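Positions are given from 1 along the sequence. Note that this is a predicted model, so its numbers are computed, not measured.
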Amino acid sequence: MSSGKYEASDRTTFGIAAAFFMLGVGAGAVAAMLLTPKTGPQMRRSLLRRYEDARDYLGDVAEDAQERVSDAVERGSDWAREMADVAREKLDR
């Protein structure tokens, strides 16, 4: 077992900060909706509409992220094939 010092990376810190920010935004939005002077049916319609908007937005974000990851994997595979070809050529010499 090694006894090294653990240091969080900037990426991990950013991810945690982004998650807490989104959690705060969500909590603030819910609090604002609950404190507005609306009737029950109006509030339910408003909550449903916002829920559907958020679901659609998150679906779009997930789809975009999936496309970016797929593109990155494809580029990485192409690069790896090119490097393997270069290595084969050098070994053949």
Participant: What side-chain donor-acceptor pairs closer than 3.5 Å can you find for residues 57-73, not counting sequence neighbours?
Facilitator:
unit_1, atom_1, unit_2, atom_2, d
D64, OD2, R68, NE, 3.3

Participant: May I have all residue pairs that pass side-chain hydrogen bond (donor to acceptor under 3.5 Å, both in side chains) and include part of residues 74-87, sequence neighbours excluded?
Facilitator: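 Listed by first then second residue: D78-R81, D85-R88.
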Participant: Which other residues end up in the same hydrophobic cluster as F21, if Ile, Leu, Val, Met, Phe, Trp and Tyr are linked when side-chain heavy atoms come under 4.5 Å apart?
Facilitator: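 When side chains under 4.5 Å apart are linked, the cluster holding F21 also contains M22, V25.
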Participant: Which residues pass the side-chain contact (heavy atoms from CB on, under 4.5 Å) test with R44, not counting sequence neighbours?
Facilitator: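 Per chain and number, R44 pairs via side-chain contact (heavy atoms from CB on, under 4.5 Å) with P41.
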Participant: With sequence neighbours left out, what residues match E52 under side-chain contact (heavy atoms from CB on, under 4.5 Å)?
Facilitator: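 With neighbours one apart ignored, the set is L48, R55.
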